[in-house]
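Here's the structure, in structure tokens; my notes come after.
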2 protein chains.
Amino acid sequence: MSETETRKDTYHHGHLREELIRRGLDALEQEGAEALSLRALSGSAGVSKTAPYRHFKDKEEFLGALADEGYRLLHEALAASIAPGRKRRRAETPVGAMGRAYMAFAVSRPALYRLMNSPLMCRLPQEYTGWARKSLMLLAGTLEAARTGAEGSPDVRQAGPPDLDATAAAWAYIHGLVLIRIDGLYPTDLPEPDWDRLAGVVPELPTGS
Amino acid sequence: MSETETRKDTYHHGHLREELIRRGLDALEQEGAEALSLRALSGSAGVSKTAPYRHFKDKEEFLGALADEGYRLLHEALAASIAPGRKRRRAETPVGAMGRAYMAFAVSRPALYRLMNSPLMCRLPQEYTGWARKSLMLLAGTLEAARTGAEGSPDVRQAGPPDLDATAAAWAYIHGLVLIRIDGLYPTDLPEPDWDRLAGVVPELPTGS
DNA sequence: TGACAAGTGTTGGCAGTGTCAACATGACTC
DNA sequence: GAGTCATGTTGACACTGCCAACACTTGTCA
């Protein structure tokens with residue numbers, strides 16, 4: 001029996017839901033999303049193959065729980081990147097710092113990042129998309145603070161209606177950048193872009209019609 | 001028997017490979033990539049479940065063939081968007097026209113677009129990535145022509161070494177924009193961005209370190 | 001023309017998956 | 001202490017990708 005496996009000595013596991021999510025996050029990066037199997041996960045947790053169905057309606061809902069946890073971690077990382085006390089690179093803007101933190105998160109958990117941004121998300125009930133929403137709003141608030149010249153910690157509540165097109169554009173840029181990198185889409189025989197620098201310079205969208 | 005099905009009257013099908021690809025592209029958009037099954041495809045083509053394995057090593061290679069065909073179509077669409085005779089919107093740049101064509105392609109075949117940009121691509125042998133490479137180079141050439149002020153049809157061969165970081169940035173922007181749209185990631189309770197406009201204004205990357 | 005080889009399609013089978021219905025166990029409540 | 005409910009188990013079904021062995025057709029070359 002591998003040391004990563006546990007055997008339950010009681011009929012009821014106790015924290016199966018949490019353990020499945022924890023093991024799911026591990027397996028995601030280890031084996032990839034395609035290979036992630038509820039049965040295998042149950043087995044390694046020491047419960048029967050159908051035990052997960054007491055906690056999740058189906059596999060999709062389980063993946064939703066993983067994604068939600070991913071967004072919680074992402075939100076944490078983004079918030080930390082612009083925390084007041086944090087030491088900054090010279091001439092680094094909050095938007096740039098957040099872009100780099102976003103990139104770092106995705107690179108550290110590529111399979112989870114993919115899952116978090118898969119079409120599955122829009123089919124999920126709201127209870128699984130709370131952190132996703134918060135993460136996007138944190139980005140929007142930071143962009144808005146930069147646009148209106150407000151320094152310090154951004155607060156989306158006081159900044160008035162943000163420029164949502166600009167938010168979408170900045171999000172698109174960093175999202176695309178991250179995916180091209182972690183999916184290995186950039187041709188390997190070309191000199192590799194400086195991903196980290198690019199993540200730090202979120203381009204400006206030409207305004208107008 | 002459905003009219004979309006065929007029954008072969010000879011032992012050998014004759015054009016099974018082509019038919020599988022054609023049906024695969026259809027099924028991809030109809031049922032989604034997750035539900036795409038070689039067995040079901042074989043069945044609807046009127047051959048046995050293992051017949052595809054005479055033409056493709058495994059499912060991944062089949063998906064690679066679909067993606068390659070997708071990139072051929074994308075290249076076709078991008079090239080048409082900047083063709084000399086084509087009528088242009090007022091004040092539309094070649095880069096903008098190409099961005100809009102890129103968006104239109106992805107929206108018309110979202111599942112195929114996702115497949116074309118999945119991590120699978122970097123595991124594929126070169127014979128399946130030719131059109132992908134050509135498409136990216138077409139984008140790079142158009143960006144380079146815009147950057148150096150050359151008008152008319154871009155030719156990556158004569159433009160000298162392109163600014164690959166700028167290419168990666170522009171690609172990232174439009175790629176991210178497309179994915180956020182087709183994957184339905186943008187919160188539905190917020191006013192929807194003007195995707196088509198955004199696709200037409202590829203932002204400028206601040207130069208320098 | 002006829003033997004042979006290569007290409008293509010078929011059959012049966014294996015291991016693995018998600019999911020369901022029926023049942024078992026244990027913890028919590030009155 | 002009885003009953004209820006959450007949680008875990010067993011067995012089964014339909015489905016998948018893929019493999020080995022076999023069958024049919026076509027083309028090649030003496």
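Reminder, nothing fancy here: chain letters follow the sequence lines and each chain counts from 1. Not measured: the values here are computed from a predicted model.
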_Nearest to the B:Thr50 side chain among D:dT9, C:dG12, C:dG9, which nucleotide is it?_
C:dG12
*Whole-Å distance between D:dC15 P and B:Leu41 CG?*
16 Å
*What do you reckon, are the aromatic ring centroids of B:His175 and B:Tyr113 less than 6.0 Å apart?*
yes
*Could you state the NE2-P distance from B:His15 to C:dG7, rounded to the nearest angstrom?*
18 Å
_Residue A:Arg39, side-chain atoms from C-beta onward, closest of D:dT16, D:dA12, C:dT11_ = D:dA12
*Which pairs with one or both residues in residues 54-66 of chain B pass salt bridge (charged side-chain N to carboxylate O under 4.0 Å, His left out), sequence neighbours excluded?*
B:Glu60-B:Arg123
*Less than 3.5 Å between a donor and an acceptor, one on the side chain of A:Lys49 and one on the base of D:dG8, is that the case here?*
no
_Residue pairs passing the salt bridge (charged side-chain N to carboxylate O under 4.0 Å, His left out) test where at least one lies in residues 96-106 of chain B, sequence neighbours excluded_ = B:Glu92-B:Arg100, B:Arg100-B:Asp196
_Pairs involving residues 31-49 of chain A, ordered by first then second residue, that meet salt bridge (charged side-chain N to carboxylate O under 4.0 Å, His left out) (sequence neighbours left out)_ = none
*Inter- and intrachain pairs under ring pair (Phe, Tyr, Trp, His ring centres under 6.0 Å), touching residues 68-87 of chain B, at least two apart*: B:His75-B:Trp131
*asked:* Test: salt bridge (charged side-chain N to carboxylate O under 4.0 Å, His left out). Region: residues 125-140 of chain B. Which pairs qualify, not counting sequence neighbours?
replied: A:Asp189-B:Arg133
*Interatomic distance where CD belongs to A:Glu34 and P belongs to D:dC18 [whole Å]*: 12 Å
_Contacts of type ring-ring contact (aromatic ring centres under 6.0 Å, His included), residue A:Phe56, not counting sequence neighbours_ = A:Phe62
*Residues from residues 52-59 of chain A lying under 4.0 Å of DNA chain D - heavy atoms*: A:Arg54, A:His55
*asked:* Rounded to whole Å, how long is the line connecting atom CG of B:Leu16 with atom C1' of D:dT25?
replied: 15 Å
*Round to a whole Å and report the spacing from CD of A:Glu31 to P of C:dG16.*
14 Å
*Using five base pairs at each end, measure the axis-to-axis angle across the helix from C:dT1-D:dA30 to C:dC30-D:dG1 and round it to 10 degrees.*
0°
*Select one nucleotide: of C:dG9, D:dA12, C:dG18, the one nearest the side-chain heavy atoms of B:Ser48.*
C:dG9
*Listed partners of B:Glu192 passing side chain to side chain donor-acceptor pair (under 3.5 Å), at least two apart*: B:Trp195
*With rounding to the nearest 0.5 Å, note down the distance linking OG in B:Ser118 to CZ in A:Arg114.*
9.0 Å
*Taking CZ from B:Arg17 and P from C:dG7, how many angstroms apart are they, rounded to a whole number?*
15 Å
*Contact class for A:Ser37 (heavy atom, under 4.0 Å): base, sugar-phosphate, or nothing?*
sugar-phosphate
*Spacing of B:Leu38 atom CG relative to D:dT16 atom P, expressed in whole Å*: 10 Å
